[in-house]
Number of protein chains: 2
Amino acid sequence: MTQTAPLQPANQKPRRGRPRGAPDASEARQKLIRAGLEHLTEKGYSSVGIDEILKAAGVPKGSFYHHFHGKADFGLALVAAYDAYFTTQIDRAFLDEKHAPLDRLRIFTERAEAGMARHGFRRGCLVGNLGQEMGALPDEFRAALTAVLEGWQARTTRLLSLAQAQGTIVPHHDPSTLAETFWIGWEGAVLRAKLELRPDPLRRFADTFLRLIETETTDT
Amino acid sequence: MTQTAPLQPANQKPRRGRPRGAPDASEARQKLIRAGLEHLTEKGYSSVGIDEILKAAGVPKGSFYHHFHGKADFGLALVAAYDAYFTTQIDRAFLDEKHAPLDRLRIFTERAEAGMARHGFRRGCLVGNLGQEMGALPDEFRAALTAVLEGWQARTTRLLSLAQAQGTIVPHHDPSTLAETFWIGWEGAVLRAKLELRPDPLRRFADTFLRLIETETTDT
DNA sequence: GATTTATTAGACTGAATCGTCTATTAATTC
DNA sequence: GAATTAATAGACGATTCAGTCTAATAAATC
């Protein structure tokens, strides 16, 4: 087998003009993502204009369309960024071996509540927001949003399997089913908390769900 | 106390010109409400234009602004209409004494699923949709939407109290708490079903919730 | 039939929408 | 420094938005 051509096409041309900066390092792009997350978690996709984001980010329109193909492409980038951030939050709680499995889930919900409180419960979950807007969104969002939720659920399934192995949750329920139920309900709780501008729905759902799946503590 | 003036002001003037039709009987108004519900349950408030609704309803703009003060007023009318419709559906299931209390809840979820299936799972719950959009809605919607949910919950509380009195659900949980948890989660399930375009999330949540609150059937 | 009010009819307005377009500036190679 | 590509800059255009406005039609009283 003769090496007719280099296998790294990126290596063959010395690239003439100004080199492209690292895909994510661009300051303008980062500012846009940050401003986009702030606005879309609060108001959703349809009712937020690009100009609004440009103004908040202090970035001109030329830069926006240089870094993104359009609003939809930007939206998908926001979903990816949100997923990346949120997944690390989940892992930080779920993989913390200092606590028992169920305590980790509780801690996650408490931190999530604190996060919402930080913005007066006006910002919700980007995935929930866009999911609700699917009827008005380009269809590519559907698979993206579903995949994100499945990722969070997979992590939750592992946590609940551990809890079940340790006997702290009910044995007759599939951990994967419980994890799915948790995320279905949790998204509902975030929606409701945003509607009522208070933490009660988050606590209500977390408390009840956890109490229901816990094995009896024989607490008098 | 002398009766200085008639207590029914509607009775004192014979009213000259064309009489106002019954507030709800107006055909144009009904068509607008119907078209509005179809569009808003699918795409939400922000991304549906008034012209779009006019076209679907076959009603000119003059009629719209004759019957409603503006888009927000129209939206609130839709919430009221949706609540009226949905409440009768709930009562029809929850007050049916042919079935045991928990069976009535199950029947309700199954009918709701059938309702969503009828439109290919593209239409969600109007209250959930608008709740998610609160960040972009006039603030009057907040109280309206919250009140609607509380109404549905109150009915569910009565049902679960009955179930508890009959010993078919766990005794250590407040029916009101369980009802709230149900609606928090159910809204999440509807959102998820709309996102995935399939009934699975509805079934998943209903099944798991019901199994968790049921007292042991000692099933084998 | 004249008058009065309800309702329908849709052209029009000004602001906002997303996206395009032409420059200009920056960073690199030759 | 000339050439080349990346990135910034924002004016501009076509379309859509909610809402206004004038006029026409309908249904009643006098």
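Order of the sequence lines fixes the chain letters, A, B, ..., with proteins taken first and strands second; residue numbering starts at 1 for each chain. Here the structure is a predicted model, which is why all the values come from computation and not from measurement.
In the region residues 70-80 of chain B, proximity to DNA chain D at under 4.0 angstrom, judged on heavy atoms, holds for B:G70, B:K71.
Nucleotide C:dT17 holds its C1' atom 13 Å from the CG atom of A:L54, rounded to whole Å. Atom CZ of A:R29 is separated from atom P of D:dA6 by 15 Å (rounded to the nearest Å). Rounded to whole Å, atom P of C:dA27 lies 12 Å from atom CD of A:E27. To the nearest angstrom, P of D:dC17 lies 11 Å from NE2 of B:H39. Remark: P of D:dA18 and CG of B:L40 are 11 Å apart, rounded to the nearest angstrom. The NE2 atom of A:H69 sits 11 Å away from the P atom of C:dT20 (whole-angstrom rounding). Remark: P of D:dC17 and OH of B:Y65 are 12 Å apart, rounded to the nearest angstrom. Distance B:I50 CD1 to C:dG10 P: 17 Å, rounded to the nearest Å.
At the heavy-atom level, B:G62 lies under 4.0 Å from base atoms of the strands shown.
Taking 4.0 angstrom as the limit, A:H66 places a side-chain polar atom (N or O) nearer than this to OP1 or OP2 of D:dA7. Between B:H67 and C:dA6, a side-chain N or O to OP1/OP2 separation shorter than 4.0 Å is absent.
Two residues are said to be in side-chain contact when any heavy atoms from C-beta on lie closer than 4.5 Å; A:F141 and B:L195 fail this criterion. For the pair A:W152 and A:V127, the minimum side-chain heavy-atom distance is below 4.5 Å.
Remark: B:E180 does not engage A:R192 in a salt bridge, criterion side-chain N to carboxylate O under 4.0 Å.
Residues passing the side chain to side chain contact (heavy atoms under 4.5 Å, CB included) test with B:P60, sequence neighbours excluded: B:S63.
Taking the six-membered ring where the residue is Trp, B:F94 and B:F108 present perpendicular rings, their angle passing 60° and hence far from 30°. Ring-plane geometry between A:F182 and A:F209 is classed as tilted, the angle between the planes lying from 30 to 60 degrees on a 0 to 90 degree scale. Using a 30° and 60° split on the angle between ring planes, B:F68 and B:F74 fall in the perpendicular class, above 60°.
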remark   = Protein-proximity profile, nucleotides 11-16 of chain D, B/S/- by nucleotide at the 4.0 Å heavy-atom cutoff, equals B-----

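Place B:F64 and A:V59 on DNA chain D by their nearest nucleotides, and A:V59 ends up nearer the 5' end.
For A:S63, taking side-chain heavy atoms from C-beta onward, the closest of the listed nucleotides C:dC18, C:dG10, D:dT8 is D:dT8.
Atoms CD1 and CG, on A:I213 and A:L102 in that order, are 5.0 Å from each other to the nearest 0.5 Å.
Checking B:K43, B:R123, B:K194 one by one against B:N129, the side-chain hydrogen bond (donor to acceptor under 3.5 Å, both in side chains) holds for a single residue, B:K194.
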